2 protein chains.
Amino acid sequence: MALGKDYESQRDCTMARGLELVGERWTMLILRDCFYGVRRYSDFFVHLGLPRAVLSERLANLCEQGVLEKRRYQDAPPREEYVLTEMGEAFWPVLAALGAWTTKFAWEPGRRYRTFLHDPCETRLVAYAHCPSCDRAVPAAEVRIVPGPDLPDQPATDPVSVALRRGPKRLLEPLIVTPGGSGAR
Amino acid sequence: MALGKDYESQRDCTMARGLELVGERWTMLILRDCFYGVRRYSDFFVHLGLPRAVLSERLANLCEQGVLEKRRYQDAPPREEYVLTEMGEAFWPVLAALGAWTTKFAWEPGRRYRTFLHDPCETRLVAYAHCPSCDRAVPAAEVRIVPGPDLPDQPATDPVSVALRRGPKRLLEPLIVTPGGSGAR
DNA sequence: CCTGCTAGTTCATTCAATGAACCAACCCGG
DNA sequence: CCGGGTTGGTTCATTGAATGAACTAGCAGG
C-alpha cells in the first residue's frame, strides 16, 4: 500500500485517525484546491495533474467521510461540483500550519510561492496550537499527553504503547521504554 | 508511486512543498512519535509496526531535510537516537491541528484516544490560523491568496494556475476558470 | 449528424510498501 | 573464547497502489 490509508496499529491516536482520512497521496492537495475555490472535476484534474482514477477515488472518499459534498449545480447539461462541508472548512488550520511551517523552514528560493495574508490587515498568517483558557500559543513542551480511557478491549501491548499509558507525561520528554518489564537505557 | 514524495506540478505552493517533506506514508506518524518522546530505531519499529526498510528510509530522509538529527548517545555499545531539530519541533502546530480536527469531526467511539492538554491549566488544545497583527484566529474566508512573485521561468499554464495568478482573491471564493480565454460556467 | 465538453471508467505498466529473512557490531555471562 | 541477546540496520521476493493512456457516456449547440 502506498500511502495507503489505514494505520491499524495506531488506533489510540487522533492524528493517525486523521491521516486515515486525509493522509493519502494527493488528498490534502485536493483539499487545498477546494480552499482555492476549485470545485469541478476537470479543474482539479488539470491543476493537479494526477491520474483521473486517483482523483475519482479520492473525491468519492472525501464525500463519504463528510469532508466534501458533491452537488449538482446545473441540470442541463448535468454538472456536479465538490464543495467543502463544515468539516472540510475546519481543516483550514492544518493546511495553514503546514504552509507556515514550510514557509519558515523549507522555503526554496526561485519559486513563485503563493502567500496567505489576513485580508483586512494584510498580515502574514502564522499557526499555533492554542490554549483557550490561557489564550496563548502552546509549545509542544507544555503539552501533557493523557492516555485514553480504559476500555474492555485489549490495549496495545508493545513497550512504547505501554510506556505511554503510564503517564502523565509531557510531549518531547524522552520516553522511558522498558522492554519486558526491566529498566532500559 | 504510493504517496510518493514529489509533487512536481505544484511548485507554487508551500503546502505541496511541505508534503514533499513529510507527506509520505508513515512520516508524520514518525514525527508524532518523536513528540511522544520516542527516539530509538527499535522503539519506532515496535510502536509503528512498519517495515524496517521504510523506517530506515524515512528517518534518513527526515535527517537529510533537517527535521530530525541523528546522534550517538552512547559509545559502548554504539547507540543512536533521533531527535527533533528546531525545524522538527516547529512542526507541532500541524500535528496539533490535525489531532484537533479529528477529535472534533472524526472521533470514533470505542477507541482509547489519547488527548492533549495544556499542562499548567489542563485545558484541551485547539489550533488556529492566527493573525499576529489582529491577534485573533483567522477563518479561511478572511484569507487573501497572493500570487507568488514574477520570475524569469515559465509559470504554470493550466487554466487554474492562470486564474489563481489573476488575484486578488480570498480562499473559498469560487474560482472562475476560463478554459482557453473565454468565460466558463 | 457531427463536434466538443464534462465527468468519469478501464486497464496494462511501474514503482513503492510489505514482511520475512538475514547480517554485523557489540556486550555480557560462563 | 564461546554462545546468546540487543540494537540497528540491509536485502529481497511479493503485493498492491499510482501512473498514464485509451476509451465511454451524456448532453448541448450548430
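It should be emphasised that the depicted structure is a prediction, and the values quoted were computed from it without experimental measurement. Sequence lines set the chain letters: A, B, ... in the order given, protein chains first and strands last, and positions in each chain run from 1. Just so it is clear, the values below take in all heavy atoms, side chains as well, and ignore hydrogens, waters and symmetry mates.
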Check: Between atom OH in B:Tyr73 and atom P in D:dG8, what is the gap in whole Å?
Finding: 5 Å
Item checked: Spacing of A:Glu80 atom CD relative to C:dT9 atom P, expressed in whole Å -> 12 Å
Check: Taking CZ from A:Phe45 and P from D:dA21, how many angstroms apart are they, rounded to a whole number?
Finding: 9 Å
Next item on the list: Establish, for the pair B:Arg25 and A:Tyr7, whether the NZ or CZ atom is under 6.0 angstrom from the six-membered ring centre and no further than 45 degrees off its axis.
Entry: yes
Item checked: Value in whole Å for how far the C1' atom of C:dT18 lies from CD of B:Glu24 -> 15 Å
Check: Has A:Phe116 got more than 12 heavy atoms of other residues, nucleotides or ligands less than 6.0 Å from its CZ?
Finding: yes
Note to self: For A:Phe91, I'd like to know if atom CZ has over 12 heavy atoms of other residues, nucleotides or ligands within 6.0 Å.
What the structure shows: yes
Next item on the list: Can you figure out which of C:dT18, D:dA28, C:dC26 approaches the side chain of B:Pro77 most closely?
Entry: C:dC26
Checklist line | Options D:dT19, C:dA17, C:dT6, nucleotide nearest the side-chain atoms of A:Arg40 | finding: C:dT6
Next item on the list: Using whole Å, report how far CD of B:Gln74 lies from C1' of C:dA25.
Entry: 13 Å
Item checked: Rounded distance (Å) that lies between atom C1' of D:dA25 and atom OH of A:Tyr41 -> 13 Å
Next item on the list: Would you classify A:Tyr82 as touching base, sugar-phosphate or nothing, given that sugar-phosphate means primed atoms plus P, OP1 and OP2, and contacts are heavy atoms under 4.0 Å?
Entry: sugar-phosphate
Next item on the list: Could you check A:Glu57 against A:Asp75 and say which one's nearest nucleotide on DNA chain D is further toward the 5' end?
Entry: A:Glu57
Notebook entry, point to check: If each of B:Arg52 and A:Leu59 is mapped to the nucleotide of DNA chain C with the nearest heavy atom, which maps nearer the 5' terminus, i.e. the 5' end?
Noted result: A:Leu59
Check: When clusters are formed by joining ILVMFWY residues with side-chain heavy atoms under 4.5 Å apart, either directly or through shared neighbours, do B:Met87 and B:Leu19 land in the same one?
Finding: yes
Margin query: Of the options D:dT7, C:dG8, D:dG26, whose atoms approach the side-chain atoms of A:Arg79 most closely?
Written below: D:dG26
Notebook entry, point to check: Given atom CG of B:Leu50 and atom C1' of D:dG9, what is their separation to the nearest angstrom?
Noted result: 13 Å
Next item on the list: Identify which nucleotide among D:dC12, D:dA28, D:dG20 has an atom closest to any side-chain atom of A:Ala53, counting heavy atoms from C-beta outward.
Entry: D:dG20
Notebook entry, point to check: Do A:Arg79 and A:Tyr41 meet the cation-pi criteria used here (NZ or CZ under 6.0 Å from the six-membered ring centre, within 45° of the axis)?
Noted result: no
Next item on the list: Name the nucleic acid region contacted by A:Ser56, choosing base, sugar-phosphate or nothing; use a 4.0 angstrom heavy-atom cut-off, strictly under.
Entry: base
Notebook entry, point to check: Between C:dT18 atom P and A:Asp6 atom CG, what is the distance in whole Å?
Noted result: 8 Å
